Amino acid sequence: MSFYNTKIDEKWQKKWEDSNLYKFDENNLDNKLYVLEMFPYPSGSKLHAGHWFNYGPVDSWARMKRMQGYNVFQPMGFDAFGLPAENFAIKTGIHPKDSTEKNIETMEQQLKAMGTMFNWENEVVTCSPEYYKWTQWIFVKLFENGLAYRKNAPVNWCPSCNTVLANEQVLDGACERCSTEVTKKDLTQWFFKITDYAEQLLEKLDDLDWPEKTKAMQKHWIGKSIGSEVTFKVADSDLEFNVFTTRVDTLFGVTYVVIAPENEIVDKITTDEFKTLVDEYKEEAKKQSDIERQSITREKTGVFTGAYAINPINGRKVPIWVGDYVLNTYGTGCVMAVPAHDERDFAFATKYNLPIERVIEGGDSLPYVEYGKMMNSDEFDGLSGDEAKAAVVKKLETMTLGKGKVNYRLRDWLVSRQRYWGAPIPIIHCDKCGTVPVPEKDLPVMLPYDVEFSPDGKSPLSKSEDFINTTCPVCGAPAKRDMDTLDTFVCSSWYYLRYPDNKNSDKAFDSETINKMLPVDMYVGGPEHACMHLLYARFFTKALRDMGYLNFDEPFLSLRHQGLILGPDGLKMSKSKGNTISPDDYIKEFGSDVFRMYLMFGFDYTEGGAWSDDGVKSIGRFVDRIERILDSCREEINNPKNNKATLDKAEKELNYMRHHAIKAVSEDTAKFQFNTSIARLMEFTNALSKYAGEDIKNSSFLKETILDFIKLIAPFAPHFAEEQWELSGMSYSVFNEKWPTFDSKALIKDEVEIAIQVNGKIKAKVNIATGLTEDQIKEAALDNDDVKASIEGKEVKKVIVVKGRLVNIVVK
Ligand code: ANZ
Ligand code: ZN
């Protein structure tokens, strides 16, 4: 008898590696299946249960696909630049390069111990010069195509991480990594013009097989808003400004306008009398975050500028205020206020005693924010909704004082970081030639090793004279390199394009190869990347497509998110709470297949849940039980003695369970419903156990059934299944076998069990033939001895038959 343990894991991992079993067949792309899992940060805390939950079940899914005939490509690598590695280095005092390399080595070992099909020859490590050379090359291409630019802007600054953050890295006003409150700083930074793709990023979302919630989050983040831009002239001046409004049908109801305090027109229009007040207000506003300013519950504040604007539709003069509920980064930074029909404007007008004038019919009280017929609006009275808006815009267009306008909430992506551990920005600043990209032949711009990297707010690379000083590639004069590094999200925006062609030293990738290998067929990772990585990667794909390097629109056709594995206490695992689960200890004790199957059986894949040691143990017992059953049949399997052509009753039952399992496991696993798949395998095991306990009359049937069982469990317990396959005298490897298909005839039962109730209480359970008519079923039910006893002397009022399930006899 063999006992499943880590020795078996090692034995098969070695064999798989030696025989190169999972090698991807590059010459057979018709049935390729590109399975991608989000690659880990080598952060020093090693592989945790969350990694396992991402990679283990997906590998099982891919294994089934392989057995179903797909040529599976499942690469793995490391997202090795960035703050996690750098912060780890700062904490330990070990150089990020050294610690990262060491962590990668450890994690590779751990990943291998999972027994996955990863194509290690395609590994990608983003901090290696062979990789970041091409990250830099993509930067240069974006720059050459006007999609990378530099500008001075108020940016998010994390005082604790000492770096700027992208909008996507600010959560509720705090740094996504360390939760410190984010402040604003005016800095010259590099941006990628993702906003050029706002419409396309939105458009194609609907076609993707992604979780609806993720699509909705991206949609919201992109935030398309269809409205109009209207020009207001400043009274007694030749200045003018535009407002963005989604309710141009309320234009006659404008009683004042509000401008964001940091808008550049504010200083130009403010009259001397109000200058001090406005300046004070501007100072105050600087201290507020955008989140606070947008809060609906916060009291609206503002000050009058002393200036007036002219409403283009009716020539009315209205006061101009500044107020911080208007954001300078959205629309035009100026708002036409319609207090009768907008909540915020209503609150503001009430507070400052500004006029409130109704121009839309409907409702009994103000503000009335719905659509309705226009009123008090001259020739437009009676129009409503889209028709009303179109009419007003048409009139404004004839005066060239307004037009239709679409706005997006999406902002350009800020990619420069004042940190050390990242790809240097491949740009040279020359006094004469300006901003010059590093020519391709000079790439990569190597990240120097000897640099003081502890963060003090200044770019660490600026302190390295050797690095910073260079010559201009255009004019040869002394020049300086850009001193910032790229956000890690830049590295991870294209790694899936590198995997299939990871050794290419002439190009980032060969377009012909990549166009055949992509899009990725199945992408799996955490839902927290909805508005960052998943959006950035889509942008990169579209930009590279437009430059002619790719011929597809979307990188990831199907996407799934795994849930979160919580500590045994139901809380998020964290070292400080002492509730973390270390996979390595469990693997040592139970073997990796038990660990993997526990994760797949114990949780709904997309939900996750709390860890349970009892759950692991029960999967351990399940595996033991399978072994005992298969061992008890070993003789019969290897030297079949009894054979006959037909199946008797017990065999038919077992055969039913076998085909039922084949059908259910195939369907459920395809849908990432791993827990129910394993539940079906448990039922199949019960049926096997029952049968193996009886006199075996049909050895060849038993053998076939057991081989199907091993194939079915192979994706979930790959090492264990290989071992059992070998013990069954079969040739290597079970993963070269065809996935079993079910026989629908075996799923038609000759008999079904039905419950017989009397007045709703179950009195008996009987097996009846499946083909019976309703009358025959009634007859059989009334003929049952237990039923007879309980209805004796009573009058049968009604017999209700629910076919295949129950009969209810109503008596009085
Ligand atoms: C007048 C108006 C009347 C508005 C009305 C609404 C209702 P979304 O849908 O988010 O695009 N707005 C425009 N720019 C703004 C800014 N920079 N900061 C704060 N608010 C701004 O919202 C567009 C609406 O938000 C615009 O339509 C404008 O108010 C306001 F009965 O214009 B509305
Ligand atoms: Zn120059």
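No experiment lies behind these values; they were computed from the predicted model shown.
- Leu518 and Pro555 get closest at one heavy-atom pair: CD2-O, 4.4 Å.
- No donor-acceptor distance shorter than 3.5 angstrom exists from the side chain of Lys224 to the backbone of Tyr408, with no hydrogens or angles considered.
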### Query
How far apart are the C-alpha atoms of Cys158 and Cys178, what are their side-chain angles, what is the distance that settles it, and do they pass the side-chain contact (heavy atoms from CB on, under 4.5 Å) test?
CA-CA 9 Å; Cys158 172; Cys178 71; 3.6 Å; yes
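- Heavy-atom contacts from other residues, nucleotides or ligands closer than 6.0 Å to NZ of Lys185 number more than 12.
- Salt bridge status for Lys112 with Glu17: absent, with no side-chain N to carboxylate O gap under 4.0 Å.
- Contact record, Tyr34 with Asp521: N-OD2, 2.7 Å, taken as the closest heavy-atom pair.
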### Pair Trp190-Asp482, side-chain hydrogen bond (donor to acceptor under 3.5 Å, both in side chains): steps then yes or no
CA-CA 10 Å; Trp190 283 97; Asp482 201 280; 2.8 Å; yes
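- Thr214 and His561 share a side-chain donor-acceptor pair at under 3.5 Å.
- The two residues Gln562 and Gly50 come nearest to each other via the heavy atoms NE2-O, 4.2 Å.
- Remark: Lys215 NZ is packed, more than 12 non-hydrogen atoms of other residues, nucleotides or ligands lying under 6.0 Å away.
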### Task
With side-chain contact (heavy atoms from CB on, under 4.5 Å) as the test, would you mind laying out the steps for Asn156 and Val164 before giving the verdict?
CA-CA 5 Å; Asn156 304 304; Val164 300; over 6 Å; no
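- In terms of the side-chain hydrogen bond (donor to acceptor under 3.5 Å, both in side chains) criterion, residue partners of Lys141 (sequence neighbours excluded) are, by chain and number, Glu144.
- At least one donor-acceptor pair closer than 3.5 Å links the side chain of Thr126 to the backbone N or O of Ala80.
- A salt bridge is absent between Arg498 and Asp501; no separation between the charged side-chain nitrogens and carboxylate oxygens falls under 4.0 Å.
- For the pair Glu123 (side chain) and Gly77 (backbone), a donor-acceptor distance under 3.5 Å is absent.
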### Query
Can Leu534 and Met38 be said to form a side-chain contact (heavy atoms from CB on, under 4.5 Å), step by step?
CA-CA 10 Å; Leu534 290 168; Met38 291 182 182; 4.3 Å; yes
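- Side chain to side chain, Asn119 and Lys23 fail the donor-acceptor criterion of an N or O pair below 3.5 Å.
- Between Thr116 and Tyr22, the side chains place no donor N or O within less than 3.5 Å of an acceptor N or O (distance only, hydrogens not considered).
- The shortest distance between side-chain heavy atoms of Tyr281 and Asp324 falls below 4.5 Å.
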### Task
List the steps and the verdict of side-chain hydrogen bond (donor to acceptor under 3.5 Å, both in side chains) for Trp421 and Thr485.
CA-CA 7 Å; Trp421 192 235; Thr485 54; over 6 Å; no
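- By the 4.5 Å heavy-atom criterion applied to side chains, Arg411 and Tyr330 are counted as neighbours.
- Using modelled atom types, one side-chain atom of Asn504 and one backbone atom of Lys507 make a donor-acceptor pair closer than 3.5 Å.
- Scanning all heavy atoms of the two residues, the minimum distance from Leu36 to Tyr499 falls at CD1-CE1, 3.5 Å.
- With values rounded to the nearest 0.5 angstrom, Leu29 atom CG is found 6.5 Å from Lys516 atom NZ.
- The closest side-chain heavy-atom distance from Val438 to Leu443 is below 4.5 Å.
- Distance check, rounded to the nearest 0.5 Å: CD of Glu86 to OG1 of Thr100 gives 9.5 Å.
- A salt bridge does not link Lys282 with Glu262: every distance from a Lys NZ or Arg NE/NH1/NH2 to an Asp or Glu carboxylate oxygen is 4.0 Å or more.
- Between Tyr149 and Phe143, a ring centre-to-centre spacing not shorter than 6.0 Å is recorded.
- Within a 6.0 Å radius of CD in Glu199, more than 12 heavy atoms belonging to other residues, nucleotides or ligands are found.
- The backbone N or O of Leu447 lies less than 3.5 Å from a partner atom in the side chain of Tyr132, making a donor-acceptor pair.
- His95 places a side-chain N or O within donor-acceptor distance of the main-chain N or O of Tyr449, the cut-off being under 3.5 Å.
- A donor-acceptor distance shorter than 3.5 angstrom exists from the side chain of Asn515 to the backbone of Asn551, with no hydrogens or angles considered.
- The nearest pair of heavy atoms linking Phe81 to Ala423 is CE1-N, 3.5 Å.
- Judged by distance alone, the side chains of Arg545 and Gln200 do bring a donor and an acceptor atom under 3.5 Å apart.
- With 3.5 Å as the limit, one finds no donor-acceptor pair spanning the side chains of Ser459 and Gln418.
- By the 4.5 Å heavy-atom criterion applied to side chains, Val140 and Glu440 are not counted as neighbours.
- In this structure, the ring of Tyr549 has its center no less than 6.0 angstrom from the ring center of Trp134.
- Note: Phe73 and Phe24 meet the aromatic proximity criterion, with ring centroids under 6.0 Å apart.
- Looking at Asp553 and Arg538, no side-chain N of the basic residue comes within less than 4.0 Å of a carboxylate O on the acidic one, giving no salt bridge.
- Minimum heavy-atom separation, Cys430 to Cys475: SG-SG, 3.7 Å.
- Heavy atoms of other residues, nucleotides or ligands lying less than 6.0 angstrom from NZ of Lys204 number 12 at most.
- The pair Lys97-Glu101 counts as a salt bridge, with a side-chain nitrogen and a carboxylate oxygen less than 4.0 angstrom apart.
- Within the 3.5 Å criterion, the main-chain N or O of Asn122 finds a donor-acceptor partner in the side chain of Asn502.
- Atom-to-atom distance recorded for Asp584:CG and Lys46:NZ is 6.5 Å, nearest 0.5 angstrom.
- Looking at Trp494 and Tyr536, their side chains never bring a donor and an acceptor atom within 3.5 Å of each other.
- Side-chain atoms of Thr195 and Asp412 form a donor-acceptor pair, as typed in the model, at a separation below 3.5 Å.
- Using modelled atom types and a 3.5 Å distance limit, the side chains of Asp25 and Asn71 yield no donor-acceptor pair.
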### Message
Assess the residue pair Cys334 and Val326 against the criterion (side-chain contact (heavy atoms from CB on, under 4.5 Å)); give the C-alpha distance rounded to whole Å, side-chain angles, the decisive distance to 0.1 Å, and a yes or no.
### Response
CA-CA 7 Å; Cys334 308; Val326 177; 5.9 Å; no
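- Counting only heavy atoms from C-beta outward, the side chains of Thr332 and Phe241 never approach each other to under 4.5 Å.
- Rounded to the nearest 0.5 angstrom, Lys193 NZ and Asn145 CG are separated by 11.5 Å.
- In this structure, CD in Gln110 is found 9.5 Å from CH2 in Trp52, a value given to the nearest 0.5 Å.
- Going from atom CE of Met532 over to atom OG of Ser493 covers 11.5 Å, rounded to the nearest 0.5 Å.
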